[in-house]
Each structure stands twice: as structure tokens, then as C-alpha cells.
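Worksheet: one structure, shown below.
Just so we're clear, the structure is a prediction, and the values are computed from it rather than from any experiment. Naming: A, B, ... by sequence-line order, numbering from 1 per chain.
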Number of protein chains: 2
Amino acid sequence: MKHLVRTSKNLGHAIREARKAKNLTQKELASMSGVWQETISKIENGSGGAKLETVFDLIAALELEITVTERSKGTSDGLEDIF
Amino acid sequence: MKHLVRTSKNLGHAIREARKAKNLTQKELASMSGVWQETISKIENGSGGAKLETVFDLIAALELEITVTERSKGTSDGLEDIF
DNA sequence: GAGCATTATGATGCTCAGATCATACTGCGG
DNA sequence: CCGCAGTATGATCTGAGCATCATAATGCTC
């Protein structure tokens, strides 16, 4: 699954889905990533600007990857899961 | 061009390239995005965890998009510009 | 190399994220 | 219901990002 991310909320959503897909609890992710469970909760709910570093820690622990590309002009090129 | 991003430094690099590709100065980007030129400089040089919001502001102004996907197991699937 | 444009660095004050602990809320199984 | 696992919320404190201004360093062009 591919997540187009434009806001903190989007990112939080993507992270939550990835975590659930791996059947991890916030607490487990916390000990894996070094980020506190409380902080993960806030980030997943998109509660305001987290720090980049923190997000990268989570991304790494969840074995996700982030790519930056030029915005596809034709709105959606079809398959992304935009939310 | 597609940038695989794992660290703040990567992101900064991607942002700088995108800015240059659009022939914008940091100052111009600053007034477009509402982020200070000094802050842009720091972010482009990957000087520590910027805030997500700030980065999203730049991403939006540069008409880039961020996608989050599962990490491709087979190292590189070939074409990304990893740095 | 002078001079201007661009980018980097330094200092300060405010604001807020994150660490930390405690606790409240929300399912869900029994 | 009750209790437990999971998640969210609240408070405090510390540290760091960002706005802001000033200035230094760098890069170009002539």
C-alpha cells in the first residue's frame, strides 16, 4: 500500500496502518523505536508538528520508506491511497 | 526524479534540489512558503530535526509530494536516487 | 577584485515537542 | 459487569525549533 502524505495527520494515519499491519501495539513500537508510547499516540492522531527525527525513527522501525517526488500534475495517477 | 529519504539530511538535499530545479532562491521559497530563509538553509543542510509542519510547508510550496510505502526488501528496485 | 546576490551562522526570546509519570478512557473477553 | 490490554490525556520540565534581526561567508558577474 502506498500513502500519499501531505499533512501530519496523513502521516500519522499511515504510521498507524503500518503498525496495525504488523500487529504491533504502540507500546511495542515504542520499545522498538525509542519513541514513547504517548508520543506515538499523539503522532498517529496528527496532533501537531512532531519532529522529523522522531518520525524517521518510527518509519525505520516499521520498515517503511519515504520518497519525495514531483507532484503528479494530473491529480491522482490512479492508485495511491490518499487520505 | 525520485528521492528516497531516510534522514533529515536526505530530505534537505531533496528540497534543495527541487528548489534549484525551479530556479528559486531560499528567499523566494521563504516568502512562498512562510518559512524563514534562515530556517530553510538549516533544513537544506539537514541540521537536526526540523518540525514536520515546516517541512510540509516547503514540500507544498515546491509542489513536491511525499509517499510512504513498505520498504522494498530487495534493496533498491533500481531507479531511486538514494543519497 | 569590487560589488551585489545568495546562503550560512550567531544570538535571543517564545513556543512547543518529547521524556516521564500518572491516570483516564475504550474496547473486549469471560 | 469486571478487569485487563491498548490507547489517549494531562502535568511538569527540559531542550530545541523557529521567528527575527544582524552579520558573516560564499558565489557570481563584470
Whole-Å gap separating [atom2] ([N]) and [atom1] ([X]):
X	N	atom1	atom2	value
B/I15	C/dT7	CD1	P	14 Å
B/N45	C/dT9	CG	P	6 Å
B/I40	C/dT6	CD1	P	13 Å
A/K20	C/dG27	NZ	P	11 Å
B/E53	D/dC18	CD	P	11 Å

**Report entry** Close side-chain approach of A/L64 and B/R71, heavy atoms under 4.5 Å
**Finding:**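 When only atoms from C-beta onward are counted, B/R71 and A/L64 do not touch, as no gap falls below 4.5 Å.
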Sequence-distant partners of [X], side chain to side chain contact (heavy atoms under 4.5 Å, CB included), two or more places apart:
X	value
B/T69	A/K2, A/E65
A/T39	A/V35, A/W36, A/I43, A/T54
A/T25	A/K27, A/E28

Query - Stretch residues 56-64 of chain B: residues that reach within less than 4.0 Å of DNA chain C through a heavy atom - result: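 None, since no heavy atom is under 4.0 Å.
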Requested in this report: Check each residue of residues 23-32 of chain A for a non-hydrogen atom within less than 4.0 Å of any atom in DNA chain C, then write out the ones that pass by number, or none.
Outcome: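 None, since no heavy atom is under 4.0 Å.
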Report task. Determine: side-chain N/O of A/R19 to OP1/OP2 of D/dG6, distance under 4.0 Å, yes or no. Result ->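 For A/R19, the contact criterion (side-chain N or O under 4.0 Å from OP1 or OP2 of D/dG6) is not met.
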Query raised in the report: Do any side-chain nitrogens or oxygens of A/S41 fall under 4.0 Å of OP1 or OP2 in D/dA8?
Result: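 Result: yes.
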Query - Any residue meeting salt bridge (charged side-chain N to carboxylate O under 4.0 Å, His left out) with B/K22, in chain and number order, not counting sequence neighbours - result: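 Once residues adjacent in sequence are excluded, the partners of B/K22 under the salt bridge (charged side-chain N to carboxylate O under 4.0 Å, His left out) criterion are B/E63.
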Query raised in the report: How would you list, by chain and number, every residue that makes a salt bridge (charged side-chain N to carboxylate O under 4.0 Å, His left out) with B/E38, sequence neighbours excluded?
Result: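 None.
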Query raised in the report: Could you give the distance from NE2 (B/H13) to OG1 (B/T7), rounded to the nearest 0.5 Å?
Result: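 One gets 10.5 Å once the value is rounded to the nearest 0.5 Å.
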Query raised in the report: How far does CG of B/L52 sit from CD of A/E53, to the nearest 0.5 angstrom?
Result: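 The CG atom of B/L52 sits 11.0 Å away from the CD atom of A/E53.
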What's the shortest heavy-atom distance between [X] and [Y], and which atoms?
X	Y	answer
B/A61	B/M32	O-CE, 3.5 Å
B/S33	B/L58	OG-CD2, 3.5 Å
B/L4	A/I66	CD2-O, 3.4 Å
A/L29	A/R19	CD1-CD, 3.8 Å
A/E70	B/M1	OE2-N, 3.1 Å

**Report entry** Bending between helix ends of the helix from C/dG1-D/dC30 to C/dG30-D/dC1 [5 pairs per end, 10° resolution]
**Finding:**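 End axes: 50° apart.
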Atom pairs under 3.5 Å, N or O on each side, protein against nucleotides 18-23 of chain C: can you list them with distances?
residue : atom : partner : partner atom : Å
C/dG18  : OP1  : A/K51   : N            : 2.9
C/dG18  : OP1  : A/T54   : OG1          : 3.1
C/dA19  : OP2  : A/T39   : OG1          : 3.2
C/dC21  : N4   : A/E38   : OE2          : 3.0
C/dA22  : N6   : A/E38   : OE2          : 3.4

